[in-house]
Amino acid sequence: MSRDAVGVKGCCQGMLLWGLFIVCSILEVTSVVAATTHQPNFTVEIITLGFVHPTSTSSLVYNGPGFDTAVRDVRRKFRTSFNITHTVLFDPIVKDCWDMGDHCDEMVGRYFYRRSVLPNMTVLIVPGCADAVYLNKLAAQWNLLFITGVVADPVLRDKNLAPTWITTTPVQVPSFVAIFLAILQKFNWTTVYFVSDEKANPFYVGFAASLLAAFKARGHHGSRWVTNSARSTDYGDVLEDFRKISRICVFLGHAFHMKLFLAQASAKGMTDGEFIYFGLDTFHNANFGGFMWENVNISSEPVLRRALKSVLLIGLGRSTSRIKPASLRLEKEWMDLSRDHYNFTYPQNEKPTPYVTGCYAAVEVFAQVLNESLTMGNNSRFDPADGRAFARRFFSRTFATSVADIQLDRSGDRKVTLLLQSFQADINYTFLELQPAMVYFGSNDTLLELAQIQWLNGAGPPPNEPLCGYQYQRSSCAQLSGSRTVTIAAVVCSMVGIFVVALLAAWVLRRLRKHSSSEQIIWWWLQSECLVAFRVSREESSFLSSCATLQAVPD
C-alpha cells in the first residue's frame with residue numbers, strides 16, 4: 001500500500017483516536033508475484049469501505065474477517081495468475097449505516113483520485129448498507145466492477161442504472177418478494193397490511209417498500225404502517241387500523257417486537273383464526289433480526305400459545321444460511337479475527353451471520369472470473385478497464401465457492417432458497433414446534449408444499465375478507481343479521497311457550513293423579529255396608545270400630 005494511505009494494519013487501532021479519515025489495509029501487502037505468461041505481473045486492487053462500530057450486521061466488525069480470509073485464500077490459489085492488494089477504508093466518525101451513506105462518496109473518492117500507484121484493475125467489493133446505491137453510481141461512472149456481500153437494491157436489476165453491480169448476499173429482496181407473492185397468491189390473499197419497524201435491521205425497511213410496491217403492481221390492495229420501536233411498543237392504534245381494513249398482516253421487524261405485537265393482538269381477540277401474521281426470519285443473530293423462535297418458552301409466555309398458530313414465518317433455507325461443512329473452520333477464524341483485529345467479541349453461543357459468507361464469496365467469485373479471463377485463451381477480448389463488460393461474465397452462472405454455491409441470475413442478483421414455516425401444536429397447546437411447510441427455490445422460481453399447515457380455525461386458510469366485511473358493515477349481512485335476529489327471537493319465544501305449556505300440563509296431570517289416588521283409597525276403605533248416614537254424635541267411635549271390623553271381612 002502506498003504512503004498516501006494513512007495507516008496499515010498495525011496502526012489502525014491507534015489512528016481511530018486521531019484521524020478523521022483513515023485508509024487501512026487489513027491484510028499485509030504482498031509483493032508482486034510472477035504472473036502467467038498470458039498476463040505477467042497483472043495487479044488488482046480490491047477497495048473495501050465500511051464502518052467499525054457494531055451497530056449493524058453490515059459493519060466491518062462482522063464482515064471484515066470474511067474479506068480478510070477470502071483475500072488470503074485467493075492469493076494462495078491464484079498466486080501464479082495475478083497479485084491482489086486489498087485496501088480497506090473507514091472513518092471513525094461513521095458509526096452506522098446512515099452515516100455511511102452520508103460519507104461514502106468522500107471516503108472512496110478521496111482515496112481513488114489520490115493513488116500514486118495504479119493497478120491493472122480496480123474493483124469495489126463492500127458489505128454495503130445505505131452507501132450501496134451511492135457507490136453504485138460511482139462504480140458506473142468509473143466503469144468498475146461493484147460487488148456487495150450484504151445488501152442489494154432493486155435498482156441492481158436495471159442494468160442501465162447499475163451496469164457493473166452484482167451481489168452475493170444471501171438476504172436479497174427479489175427472492176423474498178417472490179416467495180411472499182407466491183404464498184399470498186396461493187391462498188388468494190389480496191388485501192394485506194404491512195407493518196415495518198424503522199428501527200429494526202435496515203433490510204426490513206427497504207424490503208417493506210419493495211414488497212408493497214410489487215404487491216400493488218399486481219392490482220392488489222396494500223396498506224403500510226411504519227413504527228418506531230425505540231419510541232414506543234404500544235401497537236394498539238396499529239392493530240385497530242389493521243382490523244378495519246385487512247385480515248393478513250406482514251410484520252417486518254425483530255422477533256421481540258413481533259411477540260409484543262402478537263400479545264397485544266391476542267388481548268384484542270385478533271388471534272382467533274380469522275387473522276394471519278407473517279414474520280421474516282432472516283438469520284440467527286441475537287442483536288439484529290434473530291427471531292430465535294426455537295427459544296420460545298410457552299410456559300412462561302402462555303399468551304403466545306394460541307397466538308403463534310396464527311403466525312407464518314419466512315426465512316432462509318439451510319443451503320443458503322449455513323456454510324459448507326468443509327469450511328466450518330472459517331467460522332471460528334472469523335470470530336477470532338473479529339476479536340483480534342476489530343475489537344469485537346461475539347456474544348456467547350452466537351455465530352457469524354450468513355452475511356459473512358456472502359462477503360467471502362464475493363471475493364472468491366471475482367477471483368474465479370478474473371482467473372478465467374486471464375487464462376482461458378480469450379484474454380485478448382478482456383479489457384480490465386471495462387467494468388461493464390467484465391460484470392456480464394457473472395450473469396446467469398453458478399459458482400462453487402469454499403463457503404456456498406452462489407447462483408446469479410441474468411442481472412447479477414443471487415438466487416436463494418427460502419422456507420415458509422408454521423407452528424405445529426398438540427391439542428392442549430403444551431407443545432409447539434416450528435416446522436417447514438413450503439420451500440421456494442429461487443433457481444427456478446418454484447414454490448413446493450412440504451407439509452400441511454395447522455390452521456387455527458381447523459378448517460383451512462382464513463378468507464381474504466370475512467363474509468360480512470372487515471367491520472361487518474355490508475348491508476346484505478345487516479339484513480341477514482336482522483332476519484336471523486327475528487328468527488332466533490321467534491324460536492326462543494316458541495320454546496318458552498312450549499316450556500310453559502308443558503309445565504302447566506305437568507301440574508294439572510299431577511293434580512289429577514293425586515285426586516285419582518285419593519278416590520282409590522276412599523273406595524278401598526268404604527264398603528257398601530259402611531255407607532250409612534253419619535251423624536256427628538257420641539256413636540262416632542262405635543261406627544269407626546264397626547267399619548274397621550267390616551274392613552277385614554272378604555267379599
Side-chain angles (χ1 to χ4, degrees), residues 50 54 56-70 97 125-129 132 147-153 166-176 179 200-204 206-207 252 254-255 279-294 313-335 337-338 344 346-347 349-365 398-408 413-421 436 439-443:
S56 167
T57 46
S58 294
S59 172
L60 288 175
V61 302
Y62 292 103
N63 303 294
F67 291 121
D68 298 347
T69 52
C97 274
I125 304 181
V126 304
C129 202
I147 308 179
T148 54
V150 172
V151 304
D153 188 271
I166 66 173
T167 185
T168 54
T169 178
V171 184
Q172 44 80 265
V173 171
S175 291
F176 277 100
I179 187 174
N201 190 308
F203 172 79
Y204 291 119
F207 175 68
L252 299 172
H254 295 168
L280 182 60
D281 189 0
T282 52
F283 47 74
H284 183 285
N285 183 276
N287 297 322
F288 305 104
F291 276 78
M292 296 183 293
W293 287 107
E294 66 273 17
L313 292 179
I314 292 179
L316 300 177
R318 186 180 183 87
S319 62
T320 301
S321 61
R322 305 291 179 86
I323 191 173
K324 285 184 176 179
S327 297
L328 284 174
R329 59 174 178 79
L330 285 172
E331 288 190 337
K332 174 66 166 56
E333 186 175 6
W334 292 338
M335 296 174 71
L337 287 173
S338 288
F344 172 77
Y346 276 82
N349 300 324
E350 194 66 271
K351 292 183 178 181
T353 72
Y355 286 150
V356 188
T357 65
C359 292
Y360 184 103
V363 174
E364 191 169 355
V365 297
T398 298
F399 298 91
T401 74
S402 303
V403 292
D405 291 335
I406 306 297
Q407 185 175 15
L408 302 180
D413 213 346
R414 183 177 174 182
K415 296 183 177 182
V416 297
T417 300
L418 303 174
L419 284 177
L420 172 71
Q421 301 180 89
V439 59
Y440 171 79
F441 297 102
S443 57

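Just so it is clear, the values below take in all heavy atoms, side chains as well, and ignore hydrogens, waters and symmetry mates.
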Handout entry: Partners passing side-chain hydrogen bond (donor to acceptor under 3.5 Å, both in side chains) against Q407 (at least two apart in sequence or in another chain)
Key = none
Practice task
Search all heavy atoms of L419 against all heavy atoms of G317 and return the closest pair with its distance.
Solution key: CG-CA, 4.1 Å
Completion exercise
Interatomic distance, CZ@R414 vs OG1@T168, rounded to 0.5 Å, equals 6.5 Å
Practice task
Could you pull out all residues at least two apart from E364 that satisfy side-chain hydrogen bond (donor to acceptor under 3.5 Å, both in side chains)?
Solution key: S402
Problem - Student check: side-chain heavy atoms of N63 and V150 closer than 4.5 Å - result: yes
Handout entry: Partners meeting side-chain hydrogen bond (donor to acceptor under 3.5 Å, both in side chains) with S338 (sequence neighbours left out)
Key = none
Problem - Any residue meeting side chain to side chain contact (heavy atoms under 4.5 Å, CB included) with S59, in chain and number order, not counting sequence neighbours - result: F51, V61, Y62
Fill in the blank from the handout: Minimal heavy-atom distance between T148 and G128, with the atoms involved, is CG2-CA, 4.5 Å
Exercise for the section: Just jot down the side-chain hydrogen bond (donor to acceptor under 3.5 Å, both in side chains) partners of Y355, sequence neighbours excluded, or say none. Expected result: none
Practice task
Go through the steps for F176 and V171 under the test side chain to side chain contact (heavy atoms under 4.5 Å, CB included), then give the verdict.
Solution key: CA-CA 8 Å; F176 277 100; V171 184; 3.8 Å; yes
Practice task
Could you tell me whether the side chain of Y204 and the main chain of H254 form a donor-acceptor pair under 3.5 Å?
Solution key: no
Exercise for the section: Evaluate the side-chain proximity of D413 to L408: yes if any heavy-atom separation is below 4.5 Å, no if none is. Expected result: no
Problem - For the student: nearest non-hydrogen atoms of I125 and F67, plus distance - result: CG2-CE2, 3.6 Å
Handout entry: Heavy-atom pair with the smallest gap, counting every atom of M335 and E350
Key = CE-O, 3.3 Å
Practice task
Give, for atom CD of E333 and atom CG of D68, the distance between the pair rounded to the nearest 0.5 Å.
Solution key: 9.5 Å
Exercise for the section: Ignoring hydrogens and angles, tell me if any N or O in the side chain of K324 forms a donor-acceptor pair with the backbone of T401 under 3.5 Å. Expected result: yes
Handout entry: Value rounded to 0.5 Å, distance of CD1 in I179 from CZ in F441
Key = 10.5 Å
Exercise for the section: Check whether any side-chain heavy atom of L420 lies under 4.5 Å from a side-chain heavy atom of Y440, and answer yes or no. Expected result: no
Practice task
Please tell me if the side chains of T417 and L316 come closer than 4.5 Å, counting only heavy atoms from C-beta onward.
Solution key: no
Practice task
List in chain and number order the residues that pass side chain to side chain contact (heavy atoms under 4.5 Å, CB included) with V151, two or more places apart in sequence or in another chain; answer none if no residue qualifies.
Solution key: S58, A132
Practice task
Would you check if P127 and L60 make a side-chain contact, meaning some heavy-atom pair closer than 4.5 Å?
Solution key: yes
Fill in the blank from the handout: In terms of heavy-atom contacts, P170 and V416 come closest through O-CG1, 3.6 Å
Fill in the blank from the handout: Separation between CZ (R322) and NZ (K351), nearest 0.5 Å, reads 7.0 Å
Handout entry: Minimum heavy-atom distance D405-A400, with the two atoms named
Key = OD1-CA, 3.5 Å
Practice task
Side-chain contact test, heavy atoms from C-beta onward, threshold under 4.5 Å: evaluate it for C359 versus V356 and give yes or no.
Solution key: no
Handout entry: pair W334-I323: side-chain heavy atoms closer than 4.5 Å
Key = yes
Practice task
Using atom types as modelled and distance alone, determine if a side-chain donor or acceptor of S56 lies under 3.5 Å from a backbone N or O of C97.
Solution key: no
Problem - Note, Y360 side chain near P65 side chain (heavy atom, < 4.5 Å) - result: no
